[in-house]
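Sharing a structure below in structure tokens format, with a few things to ask.
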Amino acid sequence: MRIIAKVRYVDFQKRSHYVEVESDSADRRHLEDLVRAKYPAEKVYFQSVRQK
């Protein structure tokens, strides 16, 4: 099962960015870790999490 998460993150300059992350797990902590590993995110806000 593939999960698509639409996420807004805030970087160190307090700018917002909207991205989509794809994962096998719907666990919010796991998705947040993926965003932090891929982007320079200080805060992560979930817009939606759904199955593909």
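Sequence positions, counted from 1, serve as the residue numbers for this chain.
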Query - Within one Ile-Leu-Val-Met-Phe-Trp-Tyr cluster: Met1 and Leu34, side-chain cutoff 4.5 Å - result: yes

For residues 37-52, tabulate all N or O donor-acceptor pairs below 3.5 Å that involve a side-chain atom, not counting sequence neighbours.
{"unit_1": "Glu42", "atom_1": "OE1", "unit_2": "Lys14", "atom_2": "NZ", "d": "3.2"}

**Report entry** Validation row: Ile4, Arg2 side chains within 4.5 angstrom (heavy atoms)
**Finding:** no

Query raised in the report: In chain order, what residues pass the side-chain hydrogen bond (donor to acceptor under 3.5 Å, both in side chains) check against Arg29, with sequence neighbours excluded?
Result: none

**Report entry** Residue pair Leu31 / Ser25: nearest heavy atoms and the distance that separates them
**Finding:** CD2-O, 3.8 Å

Report summary line: Tightest non-hydrogen contact, residues Ser16 and Val10, listed as OG-CG2, 4.1 Å

Report task. Before accepting this row, confirm whether a basic side-chain N of the pair Arg28/Glu32 lies closer than 4.0 Å to the acidic partner's carboxylate O. Result -> no

